[in-house]
**Student:** 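Sharing a structure, written as structure tokens. Questions coming.
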Amino acid sequence: AMNQPKGDRVPYQGDLHAWTPTLAEVLRPAGYRTYMAGKWHVAVQDALVPKGPKNNWPINRGFDRYYGTLTGATSYFDPRTLVRDDTMISPFADPQHPVPKGGYYYTDALGDEAIRFVRDHHRDHADAPFFLYLAFTAPHYPLNAKPADIAKYHGRYDGGYEPIRAARLAREKELGLVASDVQLPPAVKPKQEYGTHRDWFVRAMEVYAAQIDCMDQNIGRLVDALRETGQLDNTVLCFLSDNGACAEWRGPSKGSPTDAEEMKPRPLDAVLYEHRPNFTRGGERVNYAFQGLPGGDDSYMVYGEGWAQVSNTPFRSFKQHEFEGGISTPLIVHWPAGIPKNLDGTLVRDQGHVIDVMATVMALAGANHPTSFGGQNSPPPEGISLLPAFKGQHLVRANPLFFEHIGNRAVRNGDWKLVADHADGAWELYDIAKDRGERSNLVTDDAKKATDLRLEWEAWAHRAGVLPWPYDPPYGEAAKPAEN
């Protein structure tokens, strides 16, 4: 972080702490083999080059085998920072993964590798349990998908944002996913002009859907591999997303000193690692919004605020923010040997959080969290086990749930939620049980509840290293007027 002293335990360092064990590092002592395919994104920027430090690469953080990308987002047709085990590679020069006839596509490659890990484990280590972390990048930007998958969705989104959002809400109510009286938050007015680029926006959503479709196909193939190796019934499958829909906008990147190099076609075996390229491997310029249609390997595009709000139906706001549209995602759990049959297909409305995954996995595996790790004290996990929910019991949480991302923040205690955006610093209070769409701010109606929750959030923020915040102005203070 900008204004904080350097040190081993400084928060916001953009790197995985040495004193925080990963799930894989906790499971190994319990006898597990550990595998990972997909996005890592917890290694410092210096590690995203072939000769950078590897201490926080997956292979050095508890995983026996790894195939995936170290960066947060990348081309699906030619992913950058692609790593197999402890070596950065080109997707086109990997003898273990020959390029398919239809061309390389990252989501399919991740499915292939996850299946390879499952089959190899069954062949070589059938007597040991295994842990597989499969982190697809789909449907994160850029909008890249295979033509056959895009074709399935041709015309599906011609109706535009609001009719499709309304239809989604009706379907969610019909399925019982949301209360029958939930109302949609007001429609956002996208900064990008829809009318003059209607065909482009329709195509963007078709590509987005295609990316999810392809991910779904690969999850199906993985389930088939687990079934064929006799592992499906006794494997706990947890499917979750890391955030709500993304309203970020991506225009062309500013010219970089590597432009001249990037413009030259580079050989298929060259290892590419520039995070957001201006040129393809072949030397063609990468197109951004409205420069041609999204989908192909020569584009790096996003689908915009309008479709993000459709994706978040019926919630408010977006990824990066702590309103429900930024943080509320489903967790789908499949475990035939452990979940009673009468709970199949049921909806659990208790609150879970990604911090609960560690506690849940440790409970399933009989693993323990070390009191010290990496030569330092290691705080215990903050989450609770979700196993009671798998058995039809309610979750009992001793502490509230806390959130913070780039200054946006929230605390949830039972049905009460206090939430604020960093931009204006004003806390808002909602009764989520009655108002999932966060339309009725109760902060003046119940000032004591708001104050109690704010103090709990601040105590957590100090304890967890969230404060002092390195941005200006500080929390809750108005920006100072510029001096003349």
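The residues of the chain are indexed from 1 along the displayed sequence.
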**Student:** Return yes when atom NZ of Lys391 has more than 12 non-hydrogen atoms of other residues, nucleotides or ligands closer than 6.0 Å, and no otherwise.
**Tutor:**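 It does: Lys391 NZ has more than 12 such atoms within range.
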**Student:** The criterion is salt bridge (Lys or Arg N to Asp or Glu O under 4.0 Å); which residues satisfy it with Arg84, sequence neighbours excluded?
**Tutor:** Asp94, Glu113
**Student:** Output yes when a side-chain donor or acceptor of Arg409 lies under 3.5 Å from a complementary backbone atom of Gly425, and no otherwise.
**Tutor:**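 Side chain of Arg409 to backbone of Gly425, a donor-acceptor pair under 3.5 Å: yes, one is there.
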**Student:** Only one of Tyr161, Phe201, Tyr141, Tyr208 clears ring pair (Phe, Tyr, Trp, His ring centres under 6.0 Å) with Trp307; which?
**Tutor:** Tyr161
**Student:** Strictly distance-based, threshold 3.5 Å: is any side-chain N or O of Asp64 a donor or acceptor partner for the main-chain N or O of Arg33?
**Tutor:** no
**Student:** In Å, rounded to the nearest 0.5 Å, how long is the span from CG of Leu240 to CG of Asp242?
**Tutor:** 8.0 Å
**Student:** Hey, is NZ on Lys434 packed in by over 12 heavy atoms from elsewhere, all under 6.0 Å?
**Tutor:** no
**Student:** Quick one: closest heavy-atom pair of Val443 and Ala450, and the distance?
**Tutor:** CG2-CB, 3.8 Å
**Student:** Please verify the inter-ring angle class for Tyr430 with Phe323; under 30° counts as parallel, over 60° as perpendicular, anything in between as tilted.
**Tutor:**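 The arrangement is perpendicular - the two ring planes meet at more than 60°.
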**Student:** Could you report the tightest heavy-atom contact between Met362 and Pro381, atom names first, then the distance?
**Tutor:** CE-CG, 3.6 Å
**Student:** Is Arg454 paired with Glu458 through a side-chain N to carboxylate O contact shorter than 4.0 Å?
**Tutor:** yes
**Student:** Check the pair Leu110 / Tyr67 against side-chain contact (heavy atoms from CB on, under 4.5 Å), numbers first and verdict last.
**Tutor:** CA-CA 7 Å; Leu110 293 180; Tyr67 176 91; 4.0 Å; yes
**Student:** Which atom names give the shortest non-hydrogen contact between Tyr104 and Ala109, and what distance separates them?
**Tutor:** OH-CB, 3.4 Å
**Student:** Got a donor-acceptor contact below 3.5 angstrom from the Lys319 side chain to the Ala308 backbone?
**Tutor:**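 The answer is no, because no donor-acceptor pair under 3.5 Å joins these two groups.
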**Student:** Is it true that, when you exclude Tyr133 itself, more than 12 heavy atoms of the residues, nucleotides or ligands shown sit nearer than 6.0 Å to its OH?
**Tutor:** no
**Student:** Determine whether Tyr157 and Tyr303 satisfy the following criterion, side-chain contact (heavy atoms from CB on, under 4.5 Å), listing intermediate values before the conclusion.
**Tutor:** CA-CA 12 Å; Tyr157 302 103; Tyr303 71 167; over 6 Å; no
**Student:** Would you compute the distance between atom CG of Leu364 and atom CG of Leu387 and round it to the nearest 0.5 angstrom?
**Tutor:**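 It comes to 4.5 Å.
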**Student:** Taking side chain as C-beta onward, heavy atoms only, is His422 less than 4.5 Å from Ile406?
**Tutor:** no
**Student:** Return the orientation label for the Tyr35 and His121 ring planes: parallel under 30°, perpendicular over 60°, tilted otherwise.
**Tutor:**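 Perpendicular, since the angle between the ring planes exceeds 60°.
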**Student:** Residues in salt bridge (Lys or Arg N to Asp or Glu O under 4.0 Å) with Arg463, at least two apart?
**Tutor:** Glu382
**Student:** For the pair Lys146 (side chain) and Tyr105 (backbone), establish whether a donor and an acceptor sit closer than 3.5 Å, ignoring hydrogens and angles.
**Tutor:** no
**Student:** How are the rings of Trp19 and His17 set relative to one another: parallel (under 30°), tilted (30 to 60°) or perpendicular (over 60°)?
**Tutor:** parallel
**Student:** Taking Asn243 for the side chain and Ile327 for the main chain, is one N or O donor matched with an acceptor at less than 3.5 Å?
**Tutor:** no
**Student:** For Gln45, does the CD atom sit with more than 12 other heavy atoms under 6.0 Å from it, leaving out its own atoms?
**Tutor:** no
**Student:** Look at atom NE2 of His125 and say whether more than 12 heavy atoms of other residues, nucleotides or ligands are closer to it than 6.0 Å.
**Tutor:** yes
**Student:** Can you tell me how far apart CG (Leu23) and CZ (Arg61) are? Round to the nearest 0.5 Å.
**Tutor:**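 If we round to the nearest 0.5 Å, Leu23:CG and Arg61:CZ are 11.5 Å apart.
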